[in-house]
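Right, one structure below, let's go through it.
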Amino acid sequence: MKNIFKSAVALLSVLVAFTSCNNTSQSNSGALSSSAAEKVYVAPGEHDEFYAFISGGFSGQLAVYGLPSGRLFKVIPVFSQDAEKAYGYNEETKPMLNTSFGFIPWDDAHHPDISQTNGELDGRYVYINGNNTPRIAKIDLTTFETTEIIEIPNSAGNHSSSYVTDNTEYVVAGTRFSIPIPQKDMPIKEYKGNFKGTLSFLKVNQEDGIMDLKFQVLMPGFDYDKAHPGRGKSHGWFFFTTYNTEEASTLLEVNASQNDKDFIAAVNWKKIEAYVNNGGGKKMATNYAHNIYDEHTHSATSTMKKEVLVVDPSEVPGAIYFLPTPKSPHGCDVDPTGEYIVGSGKLSANVTVHSFTKMLDAIENKKFAGDAYGIPILNFEDVLAGSVEQPGLGPLHTEFDNEGNAYTSFFISSEIVKWKLGTWEVLDRKPSYYSIGHLMIPGGNSRKPFGKYVVGMNKITKDRYLPTGPEVTQSAQLYDISGDKMELLLDFPTVGEPHYAAGIPADLIKPHSKKLYKLEDNKHPYAALSEADTKVVRDGKTVHIYMTTIRSHFSPDNIEGVRVGDKVYFHVTNLEQDYDVPHGVSIIGANTSELLIMPGQTETFVWEPKQVGVWPFYCTDFCSALHQEMQGYIRVSAANAKTPLKWSLGEDIE
Ligand code: CUA
């Protein structure tokens, strides 16, 4: 008893000491001011002000968060299979992951960009690149589903992608690695002068948003790292940072850091487009997949394309120039006016800013400092608008607010630095925890940023969260930028690597968000649009089940006459026409995922029964009070059995 009392007193005194300590040192109790919690608090039932689409990097996905709360709403599978949603598992979406290399259910998803009209976010689509097996995907922001993936031929490490022009005329993709084009067996040491990089321009059909690879520009064998379109006054141009202008193929950490300056490539795509529209360019044989999901058939188709139009810059004089930019520039960011092109040299002490006006002037006066493979190089001093002197270490990316300020992430010094466009003075700096890569201001890549918040995306979190073994969560950080000084408000964990993000006011998306698929619009070839249409059809060893769901049963729910060795297709139509009433379905031993079927939608999975027996299937999504009753049985007979094919609901199979 005595000991317990003593311990209690000791504990109390410790608590008192902590409390009094807190009382006297409130001002330095961490990075947060007392109002931070209030600023990110979204009350139960209330909605966030912004959507943030944060890429999952090596997860191949795109996650949807709310800002300022940092709450996760949905993970959209793009270049990945997702067992939760059956994407990449069901028969309808498998073709989305088709490529010239076959079915590739993974990629490295980096840079989301939201479609624009007149240089402002319009909230129709978000595009994102797959780096590894070069692809660009489109996500429809009425359904939040991946509805198109186009493979990029003649490309490797599709990194300077995917960015849209002012009116979403084009989605642009650039190659990181240069390669032999067309691919061939050749010695690696013959890289220099022989390997090439491509910049791909995907024309967007304004009616349905479908992309078409209109042309590729065949560039010198540099690494094309990041890109952004011109906007406003520079609309019609596109800018790409390059590194490895040394054209090294080994030990790049040394060999690609030799040149004092690499380049930003300025590409007049309108000029090249006009050239192509007049019959310019050469058709090159190639092979790439174009996969489109149709909302009416609820199914994707994959088409292999066999040729691509390639443009040699020497055929279009005046279309491409190189702007010398110090030390392996990474980020290539254009301010909302379109005047300033910011190139962040990873190894440079300063952030370099080029002037679009000065660039045009230098071009007009033919002030060239030479050429690289026939592409004119402008003089650094002639195009320089200014530089931010020694703002931090390891500058990467820059975003902009609507008041003429820029925000640059610094990887090595782990901070965000705010500076002024035009005067180049540093206004503020805040640490990031830790090693920030990209940062994002909603609309920060458009003519109309919404400069209320910046989201930092960090590569390392170390001690910021509860540990979860060797792999700890990655995270984003939210800063308030509405005042003169930035204020850190919130850390929030992210799914996968938060590589980059696109943010948009919720009001630009929310009113258009789809609630259900209308049954009368369902054109799926295996849909059963009522219980009367349900049936089971045998075709040799293939069995098609036309099944429906409605709270709280399947139709049919008893099936006999299936045999071991059959290939059984469950085509399940969800007859519900209410918002937020999906049903799921799965069966024992299915070598795939469950299905999660939205109201009015049809989805299919394949089951190959291996064993004789009577096997249950059930609804996997908690749909009603009688969800647990939503089940059925399939009788599987031996391969040579004569059990007749029968199905029923609400009565015994005779
Ligand atoms: Cu239908 Cu649970």
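Note that the structure is predicted; figures quoted are calculated from it, not measured. First listed ligand is number 1; within each ligand, the first listed atom is number 1.
Across all their heavy atoms, Thr473 and Thr468 have their closest contact at N-OG1, 4.3 Å.
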Would Glu145 and Lys85 satisfy salt bridge (Lys or Arg N to Asp or Glu O under 4.0 Å), going step by step from the backbone distance to the final call? CA-CA 10 Å; Glu145 293 198 6; Lys85 302 171 191 76; over 6 Å; no
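Residue contact annotation: Ser552 places no N/O/S atom under 2.8 Å from atom 1 (Cu) of ligand 1.
Under the 30°/60° scheme for interplanar angles, the aromatic rings of His571 and Tyr526 are found to lie parallel. Ring pair Phe622/His627 is tilted by interplanar angle, where 30° to 60° counts as tilted.
Taking the N/O/S atoms of His583 in turn, the shortest distance to atom 1 (Cu) of ligand 1 belongs to ND1. Closest to atom 2 (Cu) of ligand 1 among the N, O or S atoms of His627 is ND1. For atom 2 (Cu) of ligand 1, the nearest N, O or S atom contributed by Asp621 is named O.
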